[in-house]
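Beneath this line is the structure, given in structure tokens, with notes to follow.
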Amino acid sequence: MAKKMSSSITILLVIFALQCAMTLASDPDPVQDYCIPNPKFGALRTPLHNIFPCKNASEATTDDFIFSGMKVAGNFTDMGIATISVNPTVFPGINTLGMSFIRADLKVGGINPPHFHPRATEISHVVEGSVYSGFVDSANRVFARVIEQGEVMVFPRGLVHFQMNVGKNPATIFGSFNSQNPGSQKIPSAIFGSRINIELLEKAFGLSPKQIGTMRRKFDPKWVS
């Protein structure tokens, strides 16, 4: 009887642990209509971001739920892309709602290099232009084609995806995430800008030390060979 009870408790603990892992793997469900952060009372610091206590609901205003910072493009990088990321830090009204979004503008030929979001699925809507968009699944199968103005594409959570303006005019994209903190890792920067052992990179990519050095100087400005 004692052994059976011990086994049952073990199974329950395993199930509980799995449920906790699943819960922690995504944004928690809100326990109120909304939570406008109130920085006056300090913040609880976490490895990912600061958590502020909520304002009293009676102090919330319509302006808390409106964001006007996406009317024009941001600053362009040398890859021909300009992005404006919108999360609770800049738009308090979406705090605890399990979402965030981004405006991306691409010059002609501009690219959004291969990257992935560890904590969110993304839906990408082409507002203007023609954009070659796609992702690679865990079997290395590529799903990609040109999507035009008014079309959307979904990029599953954690999968590498990319975009390139293949039209004759600038393109604008609106991306939405099902997490208020989706995270983003650009593959080139993660590999060549993170100080991974050079010998490992040489063996993994078949590149010479000189080629590795060139890539590192591009993605890690502080790198000294």
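Model, not experiment: these values are computed from the prediction. The figures that follow rest on heavy atoms only: side chains count, while hydrogens, waters and symmetry mates do not.
The closest side-chain donor-acceptor pair between Gln163 and Ser124 falls under 3.5 angstrom.
Under the 6.0 Å cut-off for aromatic ring centres, Phe177 and His117 qualify, their centroids lying closer than that. Less than 6.0 angstrom separates the ring centroid of Tyr34 from the ring centroid of Phe65. Taking the six-membered ring for Trp and the full ring otherwise, Phe205 and Phe192 have centroids separated by under 6.0 Å.
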- Message: Show, in sequence, the C-alpha distance, side-chain angles and deciding distance for Val154 and Thr121, and conclude whether the side chain to side chain contact (heavy atoms under 4.5 Å, CB included) test is met.
- Response: CA-CA 7 Å; Val154 63; Thr121 291; 3.6 Å; yes

- Can you check side chain to side chain donor-acceptor pair (under 3.5 Å) on Thr96 and Gln180, steps first, answer last? CA-CA 7 Å; Thr96 74; Gln180 70 176 43; 5.6 Å; no

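The local environment of CD in Gln32 is crowded, with over 12 non-hydrogen atoms from other residues, nucleotides or ligands closer than 6.0 Å. In this structure, Asn197 places its CG atom where more than 12 heavy-atom neighbours from other residues, nucleotides or ligands lie under 6.0 Å away.
Between Arg119 and Asp27 there is no salt bridge, since no side-chain nitrogen of the basic residue lies less than 4.0 Å from a carboxylate oxygen of the acidic one. Between Arg145 and Glu151 there is a salt bridge, since a side-chain N of the basic residue sits under 4.0 Å from a carboxylate O of the acidic one.
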Could you list the donor-acceptor pairs under 3.5 angstrom formed between side-chain atoms of residues 182-191 and any protein atom two or more places apart in sequence or on another chain?
none

Taking distance alone, no hydrogens or angles, what donor-acceptor pairs closer than 3.5 Å link side-chain atoms of residues 97-105 to residues at least two apart or in another chain?
| residue | atom | partner | partner atom | Å |
| --- | --- | --- | --- | --- |
| Ser100 | OG | Ser179 | O | 2.6 |
| Arg103 | NE | Asp105 | OD2 | 2.7 |
| Arg103 | NH1 | Met70 | O | 2.7 |
| Arg103 | NH1 | Lys71 | O | 3.1 |
| Arg103 | NH2 | Asp105 | OD1 | 3.1 |
| Arg103 | NH2 | Asp105 | OD2 | 3.4 |
| Asp105 | OD1 | Thr172 | OG1 | 2.8 |

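Note: the hydrophobic cluster containing Phe174 does not contain Ile111 (ILVMFWY, side chain heavy atoms under 4.5 Å, direct or indirect links).
For Phe143, the ring pair (Phe, Tyr, Trp, His ring centres under 6.0 Å) partners at least two apart in sequence or on another chain are Phe135.
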